[in-house]
Each structure stands twice: as C-alpha cells, then as structure tokens.
Amino acid sequence: MGDKKIYIVAKVFDQPGCLAYLCKTPNEARCLPGTLEALRAEGVQIVILDSPEIYSEYAPYSYIEDMKEFIDLVSQLNRVA
C-alpha cells in the first residue's frame with residue numbers, strides 16, 4: 001500500500017454527502033469493503049477512493065475515525081435508503 005491512502009465511502013444515492021473512513025492498514029482496505037457490501041441495503045453505494053477531494057459528487061464528506069463506528073453508521077444509512 002505504501003503511502004497511498006485508501007478511503008472507503010458510503011453514500012445514499014440521490015442524497016448529498018457521504019461517510020468516509022480512512023483505512024489504517026492494508027488488511028482493512030481489503031476486508032472492509034466486503035463487510036460493508038454484505039450489510040449494504042439497496043440504494044447505498046460503497047466506493048473505494050484514494051483522493052476524496054477530487055470527487056466532488058460525494059461531498060460533503062463526513063470523516064469517521066473509528067472503523068466500528070463507521071460500520072455502525074453505514075448500517076444506519078441502510079435504514080434511510
């Protein structure tokens with residue numbers, strides 16, 4: 001992975017803003033998307049980005065530091081979608 005940052009972003013289609021989590025290890029970057037995909041409801045999009053700032057269509061970004069909190073928040077998005 002080197003210096004490359006990997007962000008996992010969860011967004012409800014047609015709603016502004018998204019949740020973003022910066023993976024802390026290569027293992028998180030490999031495993032987390034599958035976990036979220038399994039929890040994901042119809043209408044929730046899971047995206048992997050290396051530079052969120054260049055993807056304005058997902059802004060504003062809400063950065064979540066804690067992985068467990070991020071997973072919980074994504075689960076709650078599922079109820080909104």
Side-chain angles (χ1 to χ4, degrees):
M1 195 157 98
D3 295 337
K4 195 159 166 270
K5 289 183 153 78
I6 299 196
Y7 291 88
I8 301 187
V9 170
K11 176 177 180 24
V12 178
F13 285 113
D14 302 329
Q15 286 192 15
C18 68
L19 299 171
Y21 173 77
L22 172 59
C23 293
K24 295 175 181 62
T25 66
N27 195 37
E28 281 185 9
R30 274 195 304 276
C31 300
L32 189 53
T35 302
L36 295 172
E37 217 34 74
L39 294 170
R40 185 181 75 80
E42 196 66 44
V44 175
Q45 182 182 24
I46 305 294
V47 193
I48 299 168
L49 305 176
D50 52 2
S51 306
E53 57 282 354
I54 62 178
Y55 298 95
S56 58
E57 66 267 30
Y58 298 113
Y61 289 86
S62 301
Y63 291 98
I64 313 298
E65 289 295 312
D66 180 72
M67 184 171 74
K68 183 179 180 329
E69 183 188 351
F70 180 67
I71 293 171
D72 289 344
L73 289 166
V74 173
S75 305
Q76 288 167 30
L77 279 185
N78 290 338
R79 291 200 273 283
V80 177

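Sequential numbering from 1 along the given sequence is applied to the chain's residues.
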Side-chain donor-acceptor pairs under 3.5 Å in residues 57-66, sequence neighbours left out?
from  : atom 1 : to    : atom 2 : distance (Å)
Tyr61 : OH     : Pro52 : O      : 2.8
Tyr61 : OH     : Tyr55 : O      : 2.8
Asp66 : OD2    : Lys68 : N      : 3.3
Asp66 : OD2    : Glu69 : N      : 2.9

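- Residues in residues 8-47 take part in these ring pair (Phe, Tyr, Trp, His ring centres under 6.0 Å) pairs, two or more places apart or across chains: Tyr21-Phe70.
- Among residues two or more places apart in sequence or in another chain, the side-chain contact (heavy atoms from CB on, under 4.5 Å) test is passed with Asn27 by Thr25, Arg30, Cys31.
- By the side-chain contact (heavy atoms from CB on, under 4.5 Å) test, Ser51 is found to be paired with Glu53, Ile54, residues two or more places apart in sequence or in another chain being considered.
- Residue Glu28 holds its CD atom at 8.0 Å from CD1 of Ile8, rounded to the nearest 0.5 Å.
- If you take NZ on Lys5 and CG on Leu22, they are separated by 6.0 Å, rounding to the nearest 0.5 Å.
- Applying the ring pair (Phe, Tyr, Trp, His ring centres under 6.0 Å) test to every pair with at least one member in residues 22-43, sequence neighbours left out, gives no pairs at all.
- Note: Ile6 CD1 to Cys23 SG = 6.0 Å, rounded to the nearest 0.5 Å.
- Rounded to the nearest 0.5 angstrom, Ile48 CD1 and Leu36 CG are separated by 9.0 Å.
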Test side-chain contact (heavy atoms from CB on, under 4.5 Å) on Arg40 and Val74 and set out the steps.
CA-CA 8 Å; Arg40 185 181 75 80; Val74 173; over 6 Å; no
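- The structure places SG of Cys18 at 10.5 Å from CD1 of Ile46, a figure rounded to the nearest 0.5 Å.
- Cluster membership check: Val9 does not share its hydrophobic cluster with Leu73, using side-chain heavy-atom separations under 4.5 Å among Ile, Leu, Val, Met, Phe, Trp and Tyr.
- Linking ILVMFWY residues whenever their side-chain heavy atoms come closer than 4.5 Å, directly or via other members, leaves Val12 and Tyr7 in distinct clusters.
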